2 protein chains.
Amino acid sequence: MSGTAQQNAYAYLKEQILSGALAASVQIRPEQVAKAIGVSRMPVREALLQLHLEGLVTFGANRRPFVTARSPNEIIELFEIRVALECLAVARAVPNLTDSNFEALEAQLKRMDRVTRDRPLWLELHARFHEMIYAAANMPRLLDEIRRAQAAIQPFLMMYIDLYHIPEMPGVEHASLLQILRKRDPALAATALADHIRSAASGVIYFILSGRHSGGAALSHLDPTPLNMEKR
Amino acid sequence: MSGTAQQNAYAYLKEQILSGALAASVQIRPEQVAKAIGVSRMPVREALLQLHLEGLVTFGANRRPFVTARSPNEIIELFEIRVALECLAVARAVPNLTDSNFEALEAQLKRMDRVTRDRPLWLELHARFHEMIYAAANMPRLLDEIRRAQAAIQPFLMMYIDLYHIPEMPGVEHASLLQILRKRDPALAATALADHIRSAASGVIYFILSGRHSGGAALSHLDPTPLNMEKR
DNA sequence: CGTCCCTAAAGTGTATCCACTTTTTAACGT
DNA sequence: ACGTTAAAAAGTGGATACACTTTAGGGACG
């Protein structure tokens with residue numbers, strides 16, 4: 001409810017999409033959204049453009065906006081992009097990590113372990129944990145790209161941990177990752193991180209292929225039902 | 001002059017920026033642009049948003065749009081991102097390359113060699129040459145990301161080859177890259193490509209640090225002179 | 001001569017309106 | 001009953017208008 005109308009529209013739509021409230025392939029009706037948050041179509045339009053460029057919204061025939069539907073292949077692709085980018089980031093970060101960085105990372109892990117209910121919060125903390133590492137690489141543009149790739153996958157991560165209650169039995173995996181980072185060996189760190197991401201990837205991808213994802217978000221091959229239920 | 005006003009505005013601004021006609025750090029005046037191409041501020045606004053998300057435009061204090069100024073560090077960073085992404089792409093592409101793909105690539109190289117004057121055209125053909133390789137990876141999203149990173153660097157490449165007349169004495173480097181790809185060894189291909197990109201990178205970065213870049217595009221530490229010269 | 005304030009100019013965000021396109025509905029003839 | 005087409009409804013892109021913000025100038029005053 002703060003800031004410009006455009007930011008509101010953007011935040012609203014992004015939340016709806018990332019949380020899975022707006023399922024994949026669903027048509028977005030700018031007018032409806034506009035009415036819902038009390039602005040005109042224009043800021044919604046711009047928010048949609050922005051989301052489009054971030055890959056969360058697709059314009060179908062005749063510029064009608066849909067929630068982007070991702071094929072399993074595209075998700076695999078996004079994970080591979082993440083591996084490439086994040087390995088670069090961690091390799092560059094590792095020589096720069098200070099002791100106080102490690103303290104902060106440990107603290108963040110503890111914070112994550114304390115959260116066992118609130119899955120979105122855990123995901124948020126988890127994303128921050130990784131960003132804290134990458135930040136040491138001093139490559140802001142790279143961080144942007146990583147965030148973009150991450151956002152494109154998030155709805156699926158959300159569904160995945162939501163279904164399997166995964167907030168990770170007190171984060172052994174992350175703790176051991178941290179141990180490896182302490183060795184400050186770029187190649188080793190990159191390998192470990194690649195494994196880490198790929199293990200998450202395989203879980204998510206298996207989950208998606210198994211078709212267990214609910215109405216939350218859907219994949220491209222699922223029915224592209226329109227959003228509005230009134231008057232028909 | 002075709003398509004929607006927004007596309008025109010986008011194409012116009014992008015051309016101006018990529019060609020270096022609009023120097024870095026220069027303030028963009030939506031109204032001026034609008035008048036210049038005969039549309040209202042609105043499509044220009046959206047084009048700016050789009051360019052912003054592609055990294056070519058930055059919004060300064062109070063949302064005033066500027067041509068993005070890149071520090072030498074950011075350019076280095078972008079090249080490293082390219083290395084990461086394009087190595088992934090080539091590694092995945094190499095096993096899929098067919099004989100007809102190689103024929104097409106050879107043909108493209110010949111086309112490039114024939115162009116010695118028209119630098120922008122050469123750059124265009126060169127970009128396509130690389131894309132032809134990556135296309136075989138069957139990773140469209142990755143291709144997008146590569147294009148984005150590529151576009152962010154292009155103004156500097158343009159200035160660089162423009163100054164040094166580089167359209168490459170008949171492309172030995174690319175020919176030898178192609179020879180390596182023929183071996184269809186992903187790791188080898190990735191290494192070769194990394195070298196290839198880094199060699200371009202070091203040329204561009206040296207050129208930038210040497211301060212020989214003209215008024216075309218400027219770096220962040222250079223004077224942020226406004227664009228409009230009328231009425232002041 | 002410098003500094004503060006006040007006004008004017010330029011910019012930005014966005015609501016509204018209109019022109020044009022696409023899609024749906026309805027009607028009609030076969 | 002079906003397909004075809006005409007009319008209506010719903011969208012979309014874009015121009016204009018307006019409210020609000022920021023920037024720049026220009027005195028008035030110290």
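These figures come from a predicted structure and were not determined experimentally.
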**Student:** Do the side chain of Arg41(B) and the base of dG13(C) come within less than 3.5 angstrom through a donor-acceptor pair of N or O atoms?
**Tutor:**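 By the distance-only test, yes, there is a pair.
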**Student:** Starting at OH of Tyr10(B) and ending at P of dG13(D), how long is that distance when rounded to a whole Å?
**Tutor:**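 Nearest whole value for this atom pair: 17 Å.
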**Student:** If you assign Asn62(B) and Pro43(A) each to the DNA chain C nucleotide with the nearest heavy atom, which residue ends up on the more 5' nucleotide?
**Tutor:**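 Whichever sits nearer the 5' end wins; that is Asn62(B).
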**Student:** Closest nucleotide of DNA chain D for Arg64(A) versus for Met42(A): which of these residues is on the 5' side?
**Tutor:**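 Checking each residue's closest nucleotide, the 5'-ward one belongs to Arg64(A).
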**Student:** To the nearest Å, how far apart are Leu49(B) CG and dT14(C) P?
**Tutor:**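 About 12 Å, once rounded to whole Å.
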**Student:** Between Glu31(A) (CD) and dC17(C) (P), how many Å, whole number?
**Tutor:**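 Nearest whole value for this atom pair: 13 Å.
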**Student:** What integer distance in Å separates Asn8(A):CG from dG13(C):C1'?
**Tutor:**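 Going from Asn8(A) (CG) to dG13(C) (C1'), I get 12 Å.
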**Student:** Find the distance Phe66(B):CZ to dG11(C):P and express it as a whole number of Å.
**Tutor:**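 My rounded result for the distance is 12 Å.
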**Student:** If you check every side-chain atom of Arg29(B), which of dT12(C), dG11(C), dT14(C) has the closest atom?
**Tutor:**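 Nucleotide nearest to Arg29(B)'s side chain: dG11(C).
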**Student:** Measure the distance from CD1 on Ile28(A) to P on dG11(D) and round it to the nearest whole Å.
**Tutor:**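 The distance from CD1 of Ile28(A) to P of dG11(D) comes to 13 Å, rounded to the nearest Å.
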**Student:** If the plane angle is over 60° it's perpendicular, under 30° parallel, otherwise tilted; pick one for His126(A) and Trp122(A).
**Tutor:**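 Correct class here is parallel.
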**Student:** Measure from CZ on Phe59(A) to P on dG13(D) and round the result to the nearest Å.
**Tutor:**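 For the pair Phe59(A) CZ and dG13(D) P, the rounded distance is 7 Å.
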**Student:** Can you tell me how far CZ of Phe156(A) sits from CD1 of Ile75(A), rounded to the nearest 0.5 angstrom?
**Tutor:**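 That separation rounds to 4.0 Å.
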**Student:** Rounded to the nearest 0.5 Å, what separation is found between the CG atom of Leu85(B) and the CD atom of Glu145(A)?
**Tutor:**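 So the gap between those two atoms works out to 7.5 Å.
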**Student:** What's the CZ-C1' distance between Arg63(A) and dT22(C), to the nearest Å?
**Tutor:**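 Atom-to-atom, Arg63(A) to dT22(C), this comes out as 13 Å.
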**Student:** Distance-only, no hydrogens or angles: does the Asp144(B) side chain make a donor-acceptor pair with backbone N or O of Arg141(B) under 3.5 Å?
**Tutor:**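 It does not hold such a pair.
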**Student:** Is there a side-chain contact between Arg45(B) and the phosphate of dG13(C), meaning an N or O under 4.0 Å from OP1 or OP2?
**Tutor:**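 Checking dG13(C) against Arg45(B), a side-chain N or O does come within under 4.0 Å of OP1 or OP2.
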